[in-house]
Peer 1: 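Once you've had a glance at the structure underneath, I'll fire off some questions.
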Amino acid sequence: MCGILAVHGIENPAAERTRFLALSKRLRHRGPDWSGCFVGKEGMLLHERLAIVGVDTGAQPLVSEDGQVILAVNGEIYNHLALRATLSSTAQFKTHSDCEVIIPLYKKHDKDLCGMLDGMFSFVLLDESVTPTRVIASRDPIGITTLYQGWSSKHPGATYFSSELKALVDECDTIISFPPGHVYDSRDRSTTRYFQPSWWDGDAEANPVLPTTPVDYTLLRETLEAAVRKRLMSEVPYGVLLSGGLDSSLIASIAARETEKVARAQYEARQRKLAESTSGPPTPRMDDLTQQAMLASWPQLHSFSIGLENSPDLIAARKAAHFLGTVHHEYVFTVQEGLDAIPDVIYHLETYDVTTVRASTPMYLLSRKIKAMGVKMVLSGEGSDEILGGYLYFHAAPDSNSFHQECVRRVKNLHTADCLRANKSTMAWGLEARVPFLDKAFLEVAMNIDAKEKMFKKDLNQAVDEDGRPKMEKYILRKAFDCGPEGTAYLPKSILWRQKEQFSDGVGYSWIDGIKDNAAAFVSDKDFAKRAERWSVDTPDTKEAYYIREIFDGLFPSEAAAKTAVRWIPRGDWGCSSDPSGRSVSIHNAAYETD
């Protein structure tokens with residue numbers, strides 16, 4: 001991923017170059033490898049690059065051969081080779097960047113190109129061949145990458161885009177989080193949804209589209225394996241975030257298997273080169289080109305975990321890493337180190353949501369350690385809980401229809417919480433996180449499974465299957481990976497069937513307690529009693545929320561900034577606690593008491 005900043009619809013953009021370069025510099029943590037700027041007739045594109053694919057030639061903004069189409073992209077296009085193959089032989093490429101394919105796709109398909117992309121991306125494309133010049137901007141289907149759009153009353157004809165809020169807050173008095181799965185067109189100032197999956201209307205109040213497809217465990221497993229495989233596209237060292245929970249451990253398991261294949265492919269490639277030294281090279285095939293493009297430079301998988309001393313996640317991650325044979329790196333932090341980092345975390349997250357701040361702080365600290373090792377990309381397990389109803393409060397769903405509707409709502413809002421956390425807490429240090437569970441093909445399979453197959457109960461109401469496995473949260477995912485195609489286990493049973501922990505709980509229960517205690521000391525009873533006078537909208541309901549909001553307002557004092565934040569709250573109407581911690585769900589403690 002990278003950082004992008006764009007403005008369109010201003011007079012004499014060349015005169016604004018210095019000012020926008022300074023604004024783009026606020027995004028440089030996202031792209032420390034190189035900076036680029038293109039000044040057009042009515043606009044400007046700026047780019048801060050994190051080089052992962054096309055490292056040697058992919059500097060941005062990218063410019064078409066005729067100099068008329070200019071592109072700035074944040075993200076990765078996993079199917080770029082397949083898309084190149086659909087273009088005519090006259091399509092010219094100047095770089096090895098996976099993102100350059102967007103330019104000829106635009107010339108051929110206009111903005112319909114967005115639905116053809118398989119990846120995580122936000123981009124702004126400037127077309128200078130038309131009058132007035134045209135801009136289209138788009139964001140990936142789920143919002144894995146971050147993108148904001150803004151407008152300024154001082155420049156009423158201008159539209160601004162940025163990967164992060166901090167580059168817009170001093171320019172714009174109206175800012176929105178650009179909607180995932182949409183495309184903006186300056187020609188008619190429209191923003192339309194291009195992402196049209198079959199499951200999208202499953203949360204509709206009237207006539208929702210509800211799935212009835214029975215689970216196909218083989219299809220579920222193979223689709224996730226394919227999602228991980230395509231995300232290993234990298235020319236730099238990569239690793240996996242491993243909490244020891246189900247989701248990250250499954251991703252690590254699949255990645256370990258795929259990395260072994262990469263190592264074998266590299267060995268075979270070296271053997272072919274030795275053979276060619278005597279017989280000459282064979283004619284290259286597309287399969288060979290694809291394979292070479294997928295090879296990574298660090299063929300032994302490294303895994304990374306973080307937690308307080310003897311935390312549940314550290315212990316479980318250690319066990320999973322040993323089983324998988326990864327090169328494991330374990331980092332221990334203290335509550336005080338976490339507390340000290342919170343202002344920086346909020347600066348990078350650009351939200352005052354309590355859940356996001358809690359979970360992002362250890363991830364932020366871990367990302368710094370990972371980047372210091374020279375790693376630029378990691379795989380992560382976000383999205384599974386939303387897709388499969390894995391949060392413990394889902395046990396309270398009154399029926400399968402309600403369960404499915406809640407899953408759809410949570411997936412649609414991932415960009416406000418888990419995706420935002422995964423993106424910004426890692427990119428604060430120039431580390432890219434890729435999330436296989438949010439693959440379009442996997443979503444299409446998993447979101448169309450009958451919700452009756454996903455529902456679960458606890459305590460005396462919990463059922464077991466014919467193999468004695470508990471029908472717990474995310475049962476169908478666990479069952480799909482209970483045994484490999486050839487009888488080889490993906491994970492130890494104690495990991496595969498481990499109960500869900502919120503990440504902020506799993507790193508050590510005293511972490512959340514420490515934040516609450518710190519907030520209680522920071523926020524007086526008098527100030528807390530007047531909280532509604534200070535914040536009439538999104539009024540903090542705890543001292544912890546007050547403390548976090550206070551820091552946010554100090555960093556981003558504008559009303560426009562505050563309006564972009566969204567709070568993550570469990571279903572109160574299902575009898576769930578407003579505290580998002582997994583421990584606040586009664587079945588969490590009950591499960592451990594009965595073990």
Side-chain angles (χ1 to χ4, degrees), residues 1 50 52-53 55 76 78 221-222 224-270 290-307 313-331 363 366-384 422 426 429-439 442 481 484-486 488-492 494-496 498:
M1 293 194 204
L50 179 66
I52 293 180
V53 177
V55 173
E76 312 292 342
Y78 304 124
R221 182 183 69 247
E222 291 180 349
L224 184 59
E225 288 175 325
V228 173
R229 189 178 306 121
K230 72 178 70 169
R231 281 160 181 78
L232 295 180
M233 180 182 77
S234 174
E235 296 173 16
V236 298
Y238 63 83
V240 291
L241 300 181
L242 182 58
S243 70
L246 173 68
D247 304 329
S248 67
S249 297
L250 275 180
I251 298 303
S253 177
I254 299 167
R257 291 171 180 234
E258 295 300 324
T259 301
E260 284 186 22
K261 295 178 185 177
V262 169
R264 287 197 298 270
Q266 288 178 326
Y267 173 77
E268 292 167 3
R270 285 193 295 270
T290 302
Q291 181 187 67
Q292 291 168 16
M294 295 292 285
L295 297 183
S297 58
W298 202 2
Q300 189 170 7
L301 186 66
H302 287 236
S303 56
F304 304 91
S305 65
I306 190 169
D313 276 3
L314 285 183
I315 296 168
R318 205 176 299 150
K319 183 183 296 185
H322 177 75
F323 180 86
L324 298 174
T326 64
V327 180
H328 190 56
H329 308 272
E330 182 177 293
Y331 300 104
M363 198 171 191
L366 179 59
S367 297
R368 186 177 190 179
K369 293 280 191 179
I370 295 172
K371 187 59 185 291
M373 293 187 61
V375 177
K376 285 187 174 182
M377 185 273 282
V378 290
L379 300 181
S380 191
E382 278 74 20
S384 172
T426 54
W429 301 107
L431 176 69
E432 175 175 293
R434 298 181 181 176
V435 284
F437 280 110
L438 297 182
D439 180 78
F442 182 77
F481 287 89
E486 299 174 358
T488 55
Y490 282 85
L491 290 170
S494 59
I495 300 295
L496 187 63
R498 182 188 176 201

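The first residue of the sequence shown is numbered 1, and numbering continues consecutively from there.
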Peer 1: To the nearest 0.5 Å, what is the distance between CD (Glu330) and CG (Leu366)?
Peer 2: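 If we round to the nearest 0.5 Å, Glu330:CD and Leu366:CG are 11.0 Å apart.
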Peer 1: So, Thr426 side chain and Leu431 main chain: donor-acceptor pair closer than 3.5 Å or not?
Peer 2: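 Between the backbone of Leu431 and the side chain of Thr426 there is a qualifying donor-acceptor contact (under 3.5 Å).
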Peer 1: Distance from Leu314 atom CG to Ser243 atom OG, nearest 0.5 Å?
Peer 2: 10.0 Å
Peer 1: With a 4.5 Å limit on heavy-atom distance, are the side chains of Arg434 and Met233 in contact?
Peer 2: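 Yes, close enough: below the 4.5 Å cut-off.
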Peer 1: Nearest 0.5 angstrom please: Ser384 OG to Leu438 CG, how far?
Peer 2: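 Ser384 OG to Leu438 CG: 9.5 Å, rounded to 0.5 Å.
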Peer 1: So Ser248 and Leu241, side-chain contact (heavy atoms from CB on, under 4.5 Å) or not? Walk me through it.
Peer 2: CA-CA 7 Å; Ser248 67; Leu241 300 181; 5.6 Å; no
Peer 1: So, using ring-ring contact (aromatic ring centres under 6.0 Å, His included) as the criterion, who are the partners of Tyr78 when residues are at least two apart?
Peer 2: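 Expected list: none.
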Peer 1: Between Leu246 and Leu496, is a side-chain contact (heavy atoms from CB on, under 4.5 Å) present by the stated rule, with each step listed?
Peer 2: CA-CA 6 Å; Leu246 173 68; Leu496 187 63; 3.7 Å; yes
Peer 1: Testing the basics here: between Ile495 and Ala320, what is the closest heavy-atom pair and its distance to 0.1 Å?
Peer 2: CG1-CB, 4.4 Å
Peer 1: Holding to side chain to side chain contact (heavy atoms under 4.5 Å, CB included), I want the full list of residues that pass it with Ser253, two or more places apart in sequence or in another chain.
Peer 2: Arg257, Leu324, Tyr490, Leu491
Peer 1: Quick one: CG on Leu242 to OG1 on Thr326, what's the gap to the nearest 0.5 Å?
Peer 2: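 That separation rounds to 6.5 Å.
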Peer 1: Tell me, please, which residues at least two apart from Ala255 pass side chain to side chain contact (heavy atoms under 4.5 Å, CB included).
Peer 2: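 Checked Ala255 against side chain to side chain contact (heavy atoms under 4.5 Å, CB included); matches are Val228, Val240, Leu301, Leu379.
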Peer 1: With sequence neighbours left out, which residue pairs that include part of residues 368-383 fulfil the salt bridge (Lys or Arg N to Asp or Glu O under 4.0 Å) condition?
Peer 2: Asp33-Lys376, Glu382-Arg421
Peer 1: Just so I know, are the side chains of Thr259 and Tyr238 near enough to count as touching, which here means a heavy-atom distance under 4.5 Å?
Peer 2: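 They are in side-chain contact.
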Peer 1: If you take all heavy atoms of Pro436 and Ser380, which pair is closest and at what distance?
Peer 2: CD-O, 3.3 Å
Peer 1: side-chain contact (heavy atoms from CB on, under 4.5 Å), that's the test. Do Asp439 and Arg231 meet it? Break it down for me.
Peer 2: CA-CA 9 Å; Asp439 180 78; Arg231 281 160 181 78; 3.1 Å; yes
Peer 1: In Å and rounded to the nearest 0.5 Å, what is the CH2 to CE distance from Trp429 to Met363?
Peer 2: 14.5 Å
Peer 1: Considering only heavy atoms from C-beta outward, does the side chain of Val435 approach that of Ile251 to under 4.5 Å?
Peer 2: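 A side-chain contact under 4.5 Å is absent here.
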Peer 1: Tell me, please, which residues at least two apart from Ser305 pass side-chain hydrogen bond (donor to acceptor under 3.5 Å, both in side chains).
Peer 2: His328
Peer 1: Return the set of residues passing side-chain hydrogen bond (donor to acceptor under 3.5 Å, both in side chains) with Ser367 (not counting sequence neighbours), or none when no residue passes.
Peer 2: none
Peer 1: Run the side-chain contact (heavy atoms from CB on, under 4.5 Å) test on Ile52 and Glu76 for me, step by step, so that the C-alpha distance in whole Å, both residues' side-chain angles and the decisive distance to 0.1 Å come before the verdict.
Peer 2: CA-CA 9 Å; Ile52 293 180; Glu76 312 292 342; 4.1 Å; yes
Peer 1: Compare all side-chain heavy atoms of Ile315 with those of Lys319 and state whether any distance is below 4.5 angstrom.
Peer 2: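 Of all side-chain heavy-atom pairs linking Lys319 with Ile315, none is under 4.5 Å.
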Peer 1: Taking salt bridge (Lys or Arg N to Asp or Glu O under 4.0 Å) as the definition, give me every residue that meets it alongside Glu258, ordered by chain and number, with sequence neighbours left out.
Peer 2: Arg229, Lys261
Peer 1: If the condition is ring-ring contact (aromatic ring centres under 6.0 Å, His included), which residues does Phe442 pass it with, not counting sequence neighbours?
Peer 2: Phe437
